[in-house]
Amino acid sequence: MAKARTIEAAEREYTLAAIRNIGIVAHIDAGKTTTTERMLFVTGKVHKMGEVHEGTAVMDWMEQEQERGITITSAATTCFWRERQINLIDTPGHVDFTAEVERSLRILDGAVGVFCAVGGVQPQSETVWRQANTYRVPRVAFINKMDRVGGDFGRVVEEMREKLGAPAVPIQIPWGAEENFRGVVDLVRMKLLTFEAKALGAEVAVGAIPEELMAEAAGAREVLLEAVAESDEALLDMYLEAGDLGEAELKRGIRAATLGNRMVPVLCGTSLRYKGIPPLLDAVVDYLPSPLEVPAVVGRHPKTDEEQVRETSDFEALSGLAFKVAMDAFVGRLVFLRVYSGVLKRGANVWNPRTAKRERVMRLIRLHANQREEVEALYAGEIGAVAGLKGAATGDTLCAEQKPIALERIVFPEPVISMAIEPKTQADQDKMKLALMGLAEEDPTFRTVKDAETGQTIIQGMGELHLEVLRDRLLREFKVQANTGRPMVAYRETILQAGRGAFTFARELGERRHFARVEVAVEKNERGAGNRVDFQISYDLIPHDFWPVVEEGLRDGLSTGVLGNFPLVDVRVTVVDGQFHPVDSSEIAFRTAASLALREAVQAARPVLLEPIMGLEIVTPEEHLGDVLGDLNTRRGQISDVAQRERTRVIEASVPLAELFGYATTLRSLTRGRAGYTMEPTRFDVVPDTLSQELIEG
């Protein structure tokens, strides 16, 4: 961890040490947004409690979110607790909007993982946990819905350890369960905490632990003490000598272990019933890092590629990462930004290394869901938005021109589903084009392509719900009337072995002769590693000036494939030979020769189709288990596990996305509406030969 740096600018309202940049992450329906709403109420940020099920949640401000009762876009806000400024982002839980989680975790310092006491660790819980592991984000966990039938605190903690590999250690245990859940035991202070119903959970009553809970609390505290002592030699000596640790030492040990990702403190409560929120806020303040306690940000010099380091200080050169672009009805184009170093002031110029252009900051905004508060400056460690920047896109660095730095960009998953779309009238044509460009700017997992054969506009996304929401936004926000086709699977192509191919382009075009010859070798890359283009030739065979157009031709060929015009993935292409003519060779000749040589090589390398495979978790009553399993078998599903959970069965399976269109309706019909499911993309697999032939011919 970086050492604390204490120099601050005089204009700051809160010091760097008093800032917490955190996200709320979880599986869909675990209670993230409800928990966030309660946190805002308890901190005094809002004075009327919003409810997700009523469509009144402050953080779910989009019409589509209020209608569906889910979070679609990450909402940012700022609240204050115990003289700390908490910049908080509520992220989506649905797999179709996982990019929102990815970009949020990229710029956050800490996170609160919310788990359902009944559902436990669910598929999207695993996904967001892996994302947080990628960025080494320290976390605390909150087990929600302790008042629900089937809620089991101990089971969820065990699932966190087994399924997530998380070093989960309770710092609270529940008092009561299900409808008898009344409060929590604070294992750090060894006190009973209950929450005043009249104050909507904002007031906490501290009392003695009931006799019947004393033995369980003592055992749980012993586990906590051992976990803390094992992670700190000084505390271990103190613990071995005294057999206990004081409250201050214990908190210091929990904080150090959490910041080092050696511990995940676990709390519990029920957000809907206003129980457990103040201690959760205390845990955010006590155990999650300030911007001073995370490593200094590292990037590259855009020209020399030398490593650049920026300490978290207002007096460093400016560096910030644009993690989101959104269109605001009142302000216009908003670029969401995390400032890592320096001070971003209104009226100042910023440099974008990607575009190599300078832009002026016209307005700076602090966010509260869809409400805006204009400020004069954003300081190191803060999250806000800039209005008016035309060239900045998601993943861009904004920095000082005299001391440039390019931070690592955010990597987003590839779309897995597509759909044709066309305007209803000619008047909608231009409006639709502009609207699709705006949506693609906001959402990096949304793509728009033109089908070369049919001329249709194809939109691509992460799932049926994703495309449905985007289509709805076209109508409501952009007032575009459009017809859409049936969703289609985004297939890919790859190769199973090595191959070589060559092509000689020798033609007369426009009263001029064009000549080029290119020979390439292809081999399969690791699944998920992407494509790679290398040159193993001398400049005598193909002059260096033509290398960029040869690579462009190869990229053209990779984008269309050879079987069904699907993109080729995970292929390594090496240019091994070539020939040029000092007079007749041209860019168009080399580009065409490269593309057709690649086609020859791929056809010799056993090309195959790949399809996206989804991981399903289905929760169904016992009596419908046979029907659900039988239906999965007809969908080419592979069952990996069938587990018992209270009075239900939990099925884990892998099923091709092509077989899952309309699955929600089928599952409701099979189980009389009593089963539910979640799914997420897991991998691409080879399409069976019989189906592959149908797809290619169709």
Side-chain angles (χ1 to χ4, degrees), residues 299-308 351-357 391 393 395-397 399 401 404-409 411 452 493-495 497-526 528-562 567-605 607:
R300 296 278 174 185
H301 193 287
K303 291 184 179 178
T304 65
D305 202 40
E306 290 179 10
E307 185 177 280
Q308 306 286 303
W351 179 256
N352 186 334
R354 181 184 63 84
T355 62
K357 289 183 179 178
D396 281 357
T397 302
C399 61
E401 187 173 355
I405 182 174
L407 303 177
E408 184 181 352
R409 297 187 67 84
V411 179
E493 298 179 23
T494 193
I495 56 175
Q497 61 187 40
R500 289 174 79 104
F503 191 87
T504 301
F505 186 93
R507 290 185 196 168
E508 284 193 13
L509 298 170
E511 300 183 356
R512 185 198 155 182
R513 179 174 168 76
H514 295 264
F515 175 84
R517 181 181 179 277
V518 177
E519 183 174 347
V520 300
V522 296
E523 57 185 326
K524 62 179 182 178
N525 219 346
E526 287 184 24
N531 297 325
R532 179 173 166 182
V533 175
D534 294 320
F535 287 80
Q536 288 185 1
I537 55 170
S538 68
Y539 297 155
D540 296 336
L541 298 173
I542 300 178
H544 188 260
D545 288 350
F546 288 117
W547 283 25
V549 293
V550 169
E551 183 168 349
E552 285 176 17
L554 295 174
R555 298 285 181 193
D556 290 344
L558 289 168
S559 68
T560 55
V562 299
L568 274 157
V569 296
D570 304 331
V571 176
R572 181 175 178 179
V573 187
T574 306
V575 181
V576 294
D577 199 4
Q579 188 179 347
F580 85 105
H581 188 281
V583 176
D584 295 342
S585 285
S586 63
E587 289 189 357
I588 190 171
F590 270 111
R591 184 166 184 163
T592 306
S595 181
L596 294 174
L598 174 70
R599 192 173 184 85
E600 292 287 327
V602 170
Q603 286 173 333

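In this text, all values refer to a predicted model and were calculated from it rather than measured experimentally.
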Quick check for you: to the nearest 0.5 Å, what is the distance between I405 atom CD1 and E307 atom CD? 9.0 Å

Rounded to the nearest 0.5 Å, the CG atom of L554 sits from the CZ atom of F535 at a distance of 6.5 Å

OG1 (T592) and NE2 (H514) are apart, to the nearest 0.5 Å, by 9.5 Å

Shortest non-hydrogen contact from A605 toward G499: CB-N, 3.9 Å

Side-chain heavy atoms of R591 within contact of F505, under 4.5 Å: no

Between the CD atom in Q308 and the CG atom in L407, the distance rounded to the nearest 0.5 Å is 10.5 Å

For the side chain of R354 and the backbone of D396, is there at least one donor-acceptor N/O pair under 3.5 Å apart? no

Is the closest side-chain heavy-atom distance between N531 and N525 below 4.5 Å? no

Taking atom CG of L541 as the centre, report whether more than 12 heavy atoms of other residues, nucleotides or ligands fall under 6.0 Å from it. yes

Is the shortest heavy-atom distance from the side chain of V576 to the side chain of E519 under 4.5 Å? yes

Mind checking whether E551 and V575 have side chains closer than 4.5 Å, heavy atoms only? no

What are the two closest non-hydrogen atoms of A593 and A516, and how far apart are they? CB-O, 4.0 Å

Is it the case that atom CD in E587 sees more than 12 heavy atoms from other parts of the structure closer than 6.0 Å? no

All heavy atoms of D570 vs all of G528, minimum pair found to be OD2-N, 3.0 Å

Of the non-hydrogen atoms in E600 and G501, which two are nearest, and what is the gap between them? CB-CA, 3.8 Å

How far does CZ of R500 sit from OG1 of T574, to the nearest 0.5 angstrom? 9.5 Å

Taking the side chain as every heavy atom from C-beta outward, state whether W351 and T397 have any pair of such atoms under 4.5 Å apart. no

How many angstroms lie between atom CD of E523 and atom CZ of R572, to the nearest 0.5 angstrom? 5.5 Å

Can you tell me if S559 uses its side chain to pair, donor with acceptor, with the backbone of D556 under 3.5 Å? yes

Which heavy atom of H544 sits nearest a heavy atom of Y539, and at what distance? CD2-OH, 3.3 Å

Validation row: R599, F503 side chains within 4.5 angstrom (heavy atoms): no

Give a yes or no on whether E408 atom CD has more than 12 heavy-atom contacts from other residues, nucleotides or ligands under 6.0 Å away. no

From F546, W547, F580, residue fulfilling ring pair (Phe, Tyr, Trp, His ring centres under 6.0 Å) relative to F590: F546

Which pair of heavy atoms, one from S586 and one from R512, lies closest together, and at what distance? CB-NH2, 3.8 Å

Is any side-chain heavy atom of R513 less than 4.5 Å from a side-chain heavy atom of H581? no

For the backbone of V562 and the side chain of Q603, can you confirm whether one donor and one acceptor N or O come within less than 3.5 Å of each other? no

